[in-house]
Every structure is written in structure tokens, then in C-alpha cells.
Number of protein chains: 2
Amino acid sequence: MRLSDSIESFIKTLLSQEETEVELKRNELAEYFGCAPSQINYVLATRFTLDDGYVIESRRGGGGYIRIVRVVESGQQRLAYLINERIGSAISEEEAVRLIGQLVQQQVVSLQEGEIMRAAVSSQALAVPVPDAIKDALRARSLKSMLTAIARQNRSAAKG
Amino acid sequence: MRLSDSIESFIKTLLSQEETEVELKRNELAEYFGCAPSQINYVLATRFTLDDGYVIESRRGGGGYIRIVRVVESGQQRLAYLINERIGSAISEEEAVRLIGQLVQQQVVSLQEGEIMRAAVSSQALAVPVPDAIKDALRARSLKSMLTAIARQNRSAAKG
DNA sequence: TCGTTTCTGACTATCTTTGACCAATAACAT
DNA sequence: ATGTTATTGGTCAAAGATAGTCAGAAACGA
């Protein structure tokens with residue numbers, strides 16, 4: 001078994017016992033596995049991405065840490081569909097507004113939350129000198145990122 | 001737990017019991033925590049800034065002191081300040097996250113709304129090939145756009 | 001073999017803590 | 001009143017403690 005796989009399972013084991021998040025020290029973990037600290041970053045970058053349903057938070061300096069939070073839950077099918085399939089890598093403002101409107105309609109998000117998301121992907125928000133293709137990509141990323149945050153919130157709200 | 005974190009909680013505990021301000025002696029506090037006096041300044045500078053909603057006053061010499069005052073503003077005032085003065089034309093992810101956290105703390109926006117905004121301005125959301133300077137500009141526009149949407153919602157909610 | 005994935009190490013970035021030196025104010029002596 | 005000294009707090013740069021990045025080597029799989 002590869003080192004990366006070992007580290008991946010190790011972290012997933014920590015996460016699977018009721019825990020939705022785990023905090024660790026990069027150097028300690030590297031020490032434990034007898035590898036370079038940067039190996040930990042590699043594992044996180046390749047197996048604990050947002051698309052995989054994880055969010056990584058970290059802090060440097062004394063008392064630094066890496067926190068891994070599992071965010072995807074199969075219950076939020078609509079959000080999961082939008083995030084993983086529907087939106088893709090680029091989306092126009094019109095499409096985005098339509099999808100957001102549907103979410104409000106279906107009461108997946110509140111009216112105000114819908115307004116916030118609309119604002120974030122509005123052409124006004126993206127009024128900087130970059131090609132339209134990049135704006136569409138930005139819109140897709142922004143939207144998916146927000147929807148993932150919502151899915152994560154719903155999940156922790158459901159838990160308590 | 002870090003020393004800074006301990007000192008921060010200590011001060012916040014003093015502030016949280018009905019008290020809107022607290023006065024202390026830098027040297028005594030440093031003595032109590034067994035650290036260099038300048039450590040106190042570090043904690044104040046990093047965790048009790050105006051952005052965090054605090055004002056620091058102090059005096060040197062015999063009977064000198066440091067006073068920490070928690071500032072109270074209405075949600076609309078806070079939003080207006082952020083939109084018109086604080087954010088400006090560019091903002092880093094770290095700063096944005098801090099400001100959003102403060103809004104949640106002050107209950108100007110809900111936790112979920114905060115998460116949505118965080119997601120919108122996250123580096124993951126902005127992971128497209130443009131210079132950092134443009135990302136910071138985008139972030140500022142996006143954030144102000146969202147905050148404006150919130151202010152507008154609040155206004156119409158107050159009226160109708 | 002060739003392209004992809006894994007792994008490492010040097011270099012960089014960030015956060016914390018300390019200590020030497022500076023500045024302001026109060027207390028005191030005259 | 002004025003000058004001197006004691007008593008505070010302020011600043012800043014350096015050291016220490018973590019984590020991040022990236023180019024290239026090594027291993028792997030087709």
C-alpha cells in the first residue's frame with residue numbers, strides 16, 4: 001500500500017467514528033508516518049478536496065494545526081446534484097440566477113440567502129477586466145462554493 | 001492552547017459579564033501569564049482590533065492602564081461602514097473572512113449567511129488564472145455587493 | 001518506454017513570543 | 001514651578017514554531 005493511501009485511510013478512520021472533523025499537526029503526522037511533512041499536503045490536496053467533500057483549514061506558527069472537515073451528506077440531494085453535476089466548470093449569470101431562484105422556490109435557501117448568492121455572481125460583482133469565459137468559471141466556482149457551504153450548514157444543523 | 005489564546009479568553013471573559021469595558025495593568029497581566037509584557041500588546045493588536053469591534057485606550061506612567069472597550073453599533077451602521085469605508089476596492093481573503101466573522105458574531109447576519117459569503121469570497125471560489133490583485137478587487141466587489149443586498153433586505157424588512 | 005502519480009527537500013510564508021530600547025506620565029525633591 | 005527619577009505602557013526586530021509551495025526525482029502502470 002502506498003504511503004498516501006495509508007495516510008488517507010488514517011485520516012478517514014479518524015473521521016469515520018462519529019467525528020465530522022479532525023485536527024492534527026502536520027509535523028507530528030509526518031513523523032508518525034516517517035515521511036516529509038509536505039507529503040501530508042499532497043494527500044490533502046489529492047484526496048481531501050472540496051469536490052471530495054472536505055474543507056481544509058489550517059494555521060501556521062506556534063500551536064499551528066491542520067483541520068479537516070467532512071462536509072458532504074447524501075441527504076442534500078438537490079445541492080449535491082447542483083454542486084457535483086449541474087453547474088460544472090462555468091455558468092452564465094442568467095443560468096445562475098435561475099438555479100438560485102429554484103432553490104428559493106423550493107425553500108432550500110431563504111429569500112435573503114438567495115439575494116446574497118445572486119449578488120455574489122452578479123455581473124456587477126464580476127466587473128473586472130477579465131474575459132467572459134473566466135467570469136463564467138468564477139461564477140461556477142463561487143456558486144458551488146456557496147452551495148457547499150449551505151450543504152455543510154444543513155448537515156451540522158441536522159446533527160445539533 | 002496558545003498563550004495568546006489564553007490571554008484573549010481571559011480578557012473576553014472579563015468583558016462578557018455585562019461589562020462593556022475593562023481596565024487592566026499590562027505588567028500585572030504579563031506577570032499573571034508569565035510572559036513578556038509586549039505579549040499583551042500582541043494579543044490586543046491581533047484580537048482586539050476595531051474590525052473585531054474593540055477600541056483600546058491606554059496611559060503610561062504611575063497608575064497607568066490599558067482599557068479595552070467593546071463597541072456597539074447597529075447592524076445597518078456596521079454594514080454601511082463596511083461598504084462605504086472599510087472594504088474599499090480590494091480585500092484579501094483573510095480580511096474578508098475576519099469581517100464576515102464579526103458580522104456573524106454581532107448577529108448582523110446569520111451563521112449560514114456568513115458561511116455563504118465566506119464561500120463566495122474563498123480562494124477556492126476565485127481559483128481562476130488572474131493576478132492576485134484582481135482577485136482582491138473581485139472579492140471586494142463581491143462582498144460589497146452581498147452586503148448591499150443584505151442592507152437592502154434589512155431596510156425593506158423594517159418598512160414592510 | 002512514456003505518461004502519471006507519489007514523494008522529497010529546499011525555500012517561503014505566517015503566526016507567536018521575547019527582549020532591548022523608546023516614550024509618556026506621575027511622583028518627588030528642591 | 002521646575003527638574004529629576006520612578007513607573008508605566010509602546011515599538012520593532014529577531015528568534016522560534018508551524019504550515020505551504022513547487023520543481024524535480026522516484027515509483028508505478030499501461
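Numbered from 1 within each chain, the chains take letters A, B, ... in sequence-line order. Treat the numbers as computed from the prediction; the structure is a model and nothing was measured.
If you measure from atom CZ of A:F48 to atom C1' of D:dA19, you get 17 Å, rounded to the nearest angstrom. The interatomic distance linking A:Q39 (CD) with D:dA27 (C1') rounds to 12 Å, in whole Å. Taking atom CG on A:L3 and atom C1' on C:dT5, their separation rounds to 13 Å, with Å as the unit. Taking atom CG on B:L44 and atom P on D:dG10, their separation rounds to 8 Å, with Å as the unit. Here the C1' atom of nucleotide C:dC7 and the CZ atom of A:R47 are 12 Å apart, to the nearest Å. A:L24 has its CG atom 10 Å from the P atom of D:dG20, to the nearest Å. The distance between atom CD of B:E57 and atom P of C:dA24, rounded to the nearest whole Å, is 18 Å. Atom CE of A:M1 is separated from atom P of C:dT6 by 12 Å (rounded to the nearest Å).
For the OP1/OP2 pair of C:dC7 and a distance below 4.0 Å, the side-chain nitrogens and oxygens of A:S4 include at least one atom meeting the criterion. A:S38 has no side-chain polar atom (N or O) that falls below the 4.0 Å cut-off from OP1 or OP2 of C:dC7. Within the 4.0 Å cut-off from OP1 or OP2 of D:dG9, not a single side-chain nitrogen or oxygen of B:R67 is found. Remark: B:R59 is in phosphate contact with C:dA26, judged by side-chain N or O atoms under 4.0 Å from OP1 or OP2. At D:dG10, one or more side-chain N or O atoms of B:N41 fall inside 4.0 Å of OP1 or OP2 (strictly under the cut-off). One finds a side-chain N or O of B:N27 lying less than 4.0 angstrom from the OP1 or OP2 phosphate oxygen of D:dG9. Using a 4.0 Å cut-off, no side-chain N or O of B:Y42 falls inside it from OP1 or OP2 of C:dT17. Phosphate contact (OP1/OP2 of D:dT18, side-chain N/O of A:K25, threshold under 4.0 Å): present.
Mapped onto DNA chain C by nearest heavy atom, B:P37 and B:T46 fall at different nucleotides, with B:T46 at the one closer to the 5' end.
Taking every side-chain heavy atom of B:R2 into account, C:dT16 is the closest of C:dT16, D:dT8, D:dC22. Distances from the side chain of B:R60 to the nucleotides C:dT8, D:dT18, C:dC22 place C:dC22 closest.
With hydrogens and angles ignored, the 3.5 Å screen pairs no side-chain donor or acceptor of B:R139 with any backbone N or O of B:A96. In terms of modelled atom types and a separation under 3.5 Å, the side chain of B:T46 and the main chain of B:Y42 share a donor-acceptor contact.
Note on A:I40: nothing from the nucleic acid sits closer than 4.0 angstrom, heavy atoms only. Residue A:G64 is in sugar-phosphate contact alone, with no base atom involved, counting any heavy-atom pair closer than 4.0 Å across all strands shown.
Counting heavy atoms from C-beta outward, B:L14 and B:E19 have side chains that stay 4.5 Å or more apart. Between B:R78 and B:Q102 the shortest side-chain heavy-atom distance falls below 4.5 Å.
Taking the six-membered ring where tryptophan is involved, the planes of B:Y54 and B:F48 are perpendicular, since the angle between them exceeds 60° and thus also 30°.
With rounding to the nearest 0.5 Å, the separation of CD in B:E115 from OG in B:S110 is 9.5 Å.
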